Amino acid sequence: MTMHYRELGRTGWKVSDISFGAWAIGGSWGTVDDKESMAALHKAVDCGVNFIDTADVYGMGRSERLIAQLKRERKEKIVVATKAGRRLAPHTADGYNARNITSFIEDSLRNLSTDCLDLVQLHCPPTDVYYRPELFGTLDGLMKAGKIHYYGVSVERVEEALKAIEYPNVQTVQIIFSCFRQRPADLFFAEAKRRRVGVLTRVPLSSGMLTGRLTRDSRFAADDHRQFNRYGEQFDVGETFSGVDYETSLAAVEELRALVPSGVTMAQFALRWILMFDAVTCAIPGGKRPSQVEENCAASGAAPISASAIDGVRRIYDQRIRPLVHQRW
Ligand SMILES: NC(=O)c1ccc[n+]([C@@H]2O[C@H](COP(=O)([O-])OP(=O)(O)OC[C@H]3O[C@@H](n4cnc5c(N)ncnc54)[C@H](OP(=O)(O)O)[C@@H]3O)[C@@H](O)[C@H]2O)c1
């Protein structure tokens with residue numbers, strides 16, 4: 001298996017262009033089994049993954065603790081990005097203050113069994129947080145205090161990303177980007193490149209839709225966000241199937257199928273398409289099973305997407321997806 005690596009912003013770290021999204025192993029995606037989750041994490045490292053994205057709220061520490069276990073069991077250097085902020089209830093801009101953020105970080109340090117977090121991302125805070133330089137000052141202070149190596153942001157909207165990277169110590173932006181979410185490529189990618197900011201692309205498979213394996217008859221457990229957040233009931237609707245309604249997604253996937261060359265799966269095609277953008281540092285597909293991880297990691301070494309397939313993806317997006325979602329995030 002060939003894995004390629006890209007510079008992560010100005011951190012000096014080179015990370016796998018297919019990395020690992022550790023939300024599903026924490027919770028909110030139906031039943032999970034820690035033994036299988038550990039096997040999926042080990043498979044990722046076997047495939048060359050050296051970067052894992054998690055958050056304190058993924059299973060309320062469960063995902064972070066599994067990653068701590070992985071780090072104990074492996075000798076390879078693994079960069080772990082976690083997130084802070086979503087434990088706030090209510091989730092308000094005022095909650096993003098020095099006291100709360102510091103205490104969330106202390107908890108992540110414990111869960112990840114470390115003295116210093118590699119990368120902490122603000123976890124999709126309200127837009128107003130980006131207009132509060134004092135919070136970024138707090139994060140600078142936590143760097144100086146040796147609690148965190150670096151910090152970044154996870155955003156919902158392109159405009160939040162553009163605002164966030166005005167702060168000189170924001171190293172990374174995590175944003176939804178896929179065949180079904182293309183607006184970040186318009187303005188944000190050029191600016192991220194200019195400022196040498198790392199770009200982590202989440203929900204790269206549109207919550208599994210871009211694997212081509214979901215159907216009209218697929219059913220999701222009550223504790224799977226694809227069931228309980230389909231219409232944004234719990235958090236931003238854009239995080240589930242990237243905000244594209246299920247039937248529209250299925251129809252677009254059927255059209256995409258014709259563009260997938262032989263020898264690669266649709267999941268690999270969708271991930272390789274993301275890697276065609278050089279502003280992207282890595283895609284962070286989620287996965288609960290080793291077989292999914294292995295399939296996804298193979299996208300790194302897959303052949304580049306042809307110009308005609310790139311045009312095809314654009315056409316399908318423009319015709320079926322853009323009118324519904326392009327201006328929403
Ligand atoms: N606000 C935030 O900051 C935020 C929000 C969302 C996600 N994230 C991060 O981004 C990561 C990725 O996004 P995501 O997990 O929401 O969505 P995703 O990567 O688009 O989809 C992941 C899901 O697709 C299915 N899947 C993955 N590979 C597959 C394969 N090869 N074949 C068939 N099914 C496959 C799995 O679900 P099933 O097997 O159950 O179908 C998996 O849980 C997360 O894990 C998390 O780290 C961050």
Side-chain angles (χ1 to χ4, degrees), residues 18-33 36-37 40-41 43-44 47 49 51-59 63-64 66-67 80-86 91 119-126 152-157 160-161 172-181 199-215 218-221 223-227 229 234-244 249 253 264-272 274 282-299 329:
I18 300 295
S19 288
F20 186 92
W23 180 15
I25 63 166
S28 305
W29 290 77
T31 310
V32 274
D33 163 19
E36 189 159 52
S37 299
L41 285 166
K43 175 60 77 180
C47 293
V49 167
F51 181 84
I52 300 176
D53 175 71
T54 184
D56 55 357
V57 284
Y58 295 167
S63 175
E64 289 182 326
L66 289 169
I67 294 163
V80 180
T82 193
K83 310 189 195 78
R86 283 278 158 172
H91 182 243
L119 178 69
V120 172
Q121 306 157 93
L122 299 179
H123 199 165
C124 294
V153 295
S154 181
V155 301
E156 300 287 7
R157 299 173 177 157
E160 293 168 344
T172 57
V173 170
Q174 182 179 137
I175 194 161
I176 300 179
F177 182 64
S178 75
C179 300
F180 286 178
R181 179 69 76 91
V199 175
L200 318 176
T201 60
R202 76 172 181 273
V203 199
L205 298 171
S206 199
S207 311
M209 183 58 77
L210 286 167
T211 65
R213 297 200 179 113
L214 297 178
T215 69
S218 299
R219 293 287 171 267
F220 304 100
D223 57 349
D224 187 324
H225 72 101
R226 292 171 293 186
Q227 179 68 27
N229 193 55
Q234 295 277 327
F235 43 83
D236 191 290
V237 63
E239 301 290 349
T240 304
F241 297 125
S242 22
V244 184
S249 292
V253 160
V264 294
T265 65
M266 185 178 289
Q268 290 164 343
F269 175 82
L271 294 170
R272 188 67 185 84
I274 290 172
C282 62
I284 48 169
K288 290 183 289 199
R289 287 182 283 286
S291 58
Q292 294 174 332
V293 171
E294 189 165 24
E295 177 183 345
N296 298 343
C297 286
W329 294 277

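Both counts, for ligands and for their atoms, begin at 1 and track the order of listing. Bear in mind that the values here come from a model prediction, so they are computed numbers and not experimental data.
- Using a 4.0 Å cut-off between charged nitrogen and carboxylate oxygen, Asp53 and Lys83 count as a salt-bridge pair.
- Each of Gly21, Ala22, Trp23, Ala24, Trp29, Asp53, Tyr58, Lys83, His123, Cys124, Ser154, Gln174, Arg202, Val203, Pro204, Leu205, Ser206, Ser207, Gly208, Thr211, Arg213, Arg226, Glu239, Ile284, Pro285, Gly286, Lys288, Arg289, Gln292, Glu295, Asn296 has a non-hydrogen atom positioned under 4.0 Å from some atom of ligand 1.
- The pair Glu295-Arg213 counts as a salt bridge, with a side-chain nitrogen and a carboxylate oxygen less than 4.0 angstrom apart.
- At a cut-off of 3.5 Å, with distance as the only test, a side-chain donor of Ser242 or Ser206 sits close to an acceptor on the other residue.
- In this structure, Phe235 and His225 have tilted ring planes: the angle between them lies in the 30° to 60° band.
- Note: His91 NE2 to Cys124 SG = 8.0 Å, rounded to the nearest 0.5 Å.
- Lys288 contributes a side-chain N or O that, together with a main-chain N or O of Trp29, makes up a donor-acceptor pair within less than 3.5 Å.
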